[in-house]
Protein chains: 2
Amino acid sequence: MTIENWTQRFPGLAKLSAETQNLLLDKSNVISVPAGTTIFGPGNSPENMLFLLDGTVRVQQVSETGHEIVLYRIHAGQSCVLTTACLLAFEDYSAEGICETDIQAAAIPRTVFDDLVAQSKQFRDFVFAAFSKRITDLFLMIDEVAFQKMDVRLADKLIALSDGQDTIATTHQKLSVELGTAREVISRQLQEFQRRGWVEQSRGSVHLIQRNALENLAGHNH
Amino acid sequence: MTIENWTQRFPGLAKLSAETQNLLLDKSNVISVPAGTTIFGPGNSPENMLFLLDGTVRVQQVSETGHEIVLYRIHAGQSCVLTTACLLAFEDYSAEGICETDIQAAAIPRTVFDDLVAQSKQFRDFVFAAFSKRITDLFLMIDEVAFQKMDVRLADKLIALSDGQDTIATTHQKLSVELGTAREVISRQLQEFQRRGWVEQSRGSVHLIQRNALENLAGHNH
DNA sequence: TTAGATTCGGTGACATTGTCACCAAACGAA
DNA sequence: TTCGTTTGGTGACAATGTCACCGAATCTAA
């Protein structure tokens with residue numbers, strides 16, 4: 001599969017008619033952006049809707065009080081519905097999107113997006129499913145922030161960030177932004193995990209020693 | 001204005017072509033539901049998209065731990081995008097919608113909704129604006145739950161619930177669900193507000209004595 | 001290479017919020 | 001009236017957030 005027929009990479013788009021897919025491929029623009037770039041944020045409204053072909057975009061928020069929290073990530077094969085939403089509503093973002101890795105994305109102008117929504121039932125379904133998933137995920141996040149204990153949240157986040165590896169390259173500060181808490185809280189929790197022999201720490205990284213124990217605490221009891 | 005041309009009540013819908021409005025009026029069904037009814041919830045997927053003509057619907061969530069939190073309210077003149085979202089994504093709700101008052105709503109079948117999105121640019125804009133507003137509101141809520149102090153949140157909620165009146169008919173328990181906290185926390189905060197002379201309490205109601213002070217604490221410094 | 005600045009993580013004291021186990025008063029229904 | 005339920009109060013304690021520090025590791029520039 002080459003970059004030319006990128007619609008095949010999206011389960012929701014592969015079902016589109018050949019005609020619609022060609023329109024999408026024809027009118028879109030594949031762009032590359034280096035890691036660390038802010039692709040959208042306050043005062044930086046994107047002109048296009050993005051379909052992420054490769055890499056990860058982190059969406060986070062800075063509150064009036066200066067606190068930061070990571071809201072969600074967009075992975076390859078997903079579209080940025082927030083971009084879409086704000087494209088169409090002309091509202092300012094209260095959040096920003098930052099490339100965590102070098103990324104490749106297909107950029108679609110607003111008008112093309114609108115045409116596609118009008119013309120294709122499959123495309124509509126794709127878009128609304130993405131919105132729906134985002135909203136239900138935000139519900140879950142509210143629940144977690146409001147009611148879940150920090151040790152459970154941290155264990156869960158460590159598992160998620162590890163991505164199957166045993167070493168996570170991150171700092172206590174970054175972990176605190178992931179969970180919307182204070183750095184000191186992370187430091188104490190990691191010390192407790194270390195005391196139990198679940199993790200080991202070195203400057204700038206956390207090693208998972210007993211993944212099972214963390215998964216268990218996080219409630220991954222499948 | 002009668003109930004027959006209810007589209008006029010929605011700023012976003014009044015701009016639709018006469019043709020589209022007639023389609024909407026023709027294919028929709030105005031329903032009345034008594035206060036207290038759960039109009040959607042887990043295992044109770046709605047068949048229709050709702051446009052709320054009169055009354056208020058409270059959307060809230062019960063977590064695995066048994067904690068409850070109010071997510072948002074739908075007021076007259078708004079549509080229920082969550083309903084829409086889940087209509088189209090066929091996912092189970094993790095939230096429930098409860099009528100706070102007797103309500104009247106226009107119910108639109110899924111297929112009619114889909115047709116309208118396809119046919120009318122104005123309708124698309126209306127729908128996406130509603131999604132966008134919902135998502136950005138959820139962002140704000142996450143920020144508030146994660147970082148805002150309880151006294152500020154409670155003051156803000158009291159102002160919002162008062163709706164201009166000086167008496168709020170509610171219990172400490174209900175207020176705790178509004179903010180996703182414990183009843184004891186509300187009791188203590190209200191005692192502190194009372195000590196300062198900002199409110200007075202009686203069983204099942206809170207009286208606002210110094211609205212200014214509450215607004216000030218809540219940051220309504222316009 | 002070294003000196004100074006910056007980042008990273010540790011610590012203790014304290015404030016705020018959440019949890020638990022109670023209690024009594026007010027209220028409502030039989 | 002009586003009994004069960006709802007509402008709100010209280011104290012002890014646990015968990016988390018805040019603040020003011022500290023030293024060590026790392027980086028940077030002269």
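These numbers come from the heavy atoms of this one structure, side chains and all, not from hydrogens, waters or symmetry mates. Throughout, a chain's letter reflects where its sequence line sits, starting with A, and its residues are numbered from 1.
- Side-chain N/O atoms of B:Arg183 and B:Thr171 include no donor and acceptor closer than 3.5 Å.
- Using a 30° and 60° split on the angle between ring planes, B:Phe113 and B:Phe123 fall in the perpendicular class, above 60°.
- The closest donor-acceptor contact from the side chain of B:Gln78 to the backbone of B:His75 lies under 3.5 Å.
- Salt-bridge annotation for B:Glu178 and B:Arg58: absent, with no side-chain N of the basic residue lying under 4.0 Å from a carboxylate O of the acidic one.
- Between the P atom of D:dT16 and the CG atom of A:Leu154 lies a distance of 11 Å, rounded to the nearest Å.
- Here D:dT6 presents its P atom at 18 Å from CG of B:Leu175, a figure rounded to the nearest Å.
- When rounded to the nearest whole Å, the span between CD1 of B:Ile69 and P of C:dT17 equals 15 Å.
- A close approach under 4.0 Å does not occur between any side-chain nitrogen or oxygen of A:Ser187 and OP1 or OP2 of C:dG9.
- Rounded to an integer number of Å, the gap from CD of A:Gln173 to C1' of C:dT6 is 14 Å.
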What pairs of nitrogen or oxygen atoms, one from the protein and one from nucleotides 23-25 of chain D, lie under 3.5 Å apart?
| residue | atom | partner | partner atom | Å |
| --- | --- | --- | --- | --- |
| D:dA25 | N3 | A:Arg203 | NH2 | 3.4 |

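- Between the B:Thr136 side chain and the B:Ser132 main chain, a donor and an acceptor come within less than 3.5 Å of each other.
- Using five terminal pairs a side, the axes of the helix from C:dT1-D:dA30 to C:dA30-D:dT1 at its two ends make an angle of 40°, given in steps of 10 degrees.
- Here the closest non-hydrogen pair linking B:Gly12 and B:Phe126 is CA-CD1, 3.6 Å.
- The distance between atom CD of B:Gln189 and atom C1' of C:dT17, rounded to the nearest whole Å, is 9 Å.
- With a 4.5 Å cut-off on side-chain heavy atoms, B:Glu68 and B:Gln61 do not count as touching.
- Side-chain nitrogen and oxygen atoms of A:Gln201 include none within less than 4.0 Å of the OP1 or OP2 phosphate oxygen of C:dC8.
- For A:Val70 against A:Met141, the heavy-atom pair with the smallest separation is O-CE, 3.2 Å.
- When all heavy atoms are compared, the tightest approach of A:Pro42 to A:Glu96 is CD-CB, 4.3 Å.
- For A:Glu192, the salt bridge (Lys or Arg N to Asp or Glu O under 4.0 Å) partners at least two apart in sequence or on another chain are A:Arg195, A:Arg196.
- Atom CD in B:Gln148 sits about 10 Å away from atom P in C:dT17, given to the nearest Å.
- The environment of CD in A:Glu200 is sparse: at most 12 heavy-atom neighbours from other residues, nucleotides or ligands sit within 6.0 Å.
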Atom pairs under 3.5 Å: protein N/O with N/O of nucleotides 18-23 of chain C:
| residue | atom | partner | partner atom | Å |
| --- | --- | --- | --- | --- |
| C:dG18 | OP2 | B:Thr181 | OG1 | 2.4 |
| C:dT19 | O4 | B:Arg188 | NH2 | 2.9 |
| C:dC20 | N4 | B:Glu184 | OE2 | 2.8 |

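- Every residue was checked against the ring pair (Phe, Tyr, Trp, His ring centres under 6.0 Å) condition with A:His172, not counting sequence neighbours, and none meets it.
- With hydrogens and angles disregarded, a donor-acceptor distance shorter than 3.5 Å links the side chain of B:Ser63 to the backbone of B:Thr65.
- Residue B:His172 places at least one side-chain N or O under 4.0 Å from the OP1 or OP2 atom of D:dG9.
- Scanning residues 190-199 of chain A for heavy-atom distances under 4.0 Å to DNA chain D yields an empty list.
- Minimum interatomic distance between B:Thr56 and B:Thr101 (heavy atoms only, all atoms of both residues): N-OG1, 3.1 Å.
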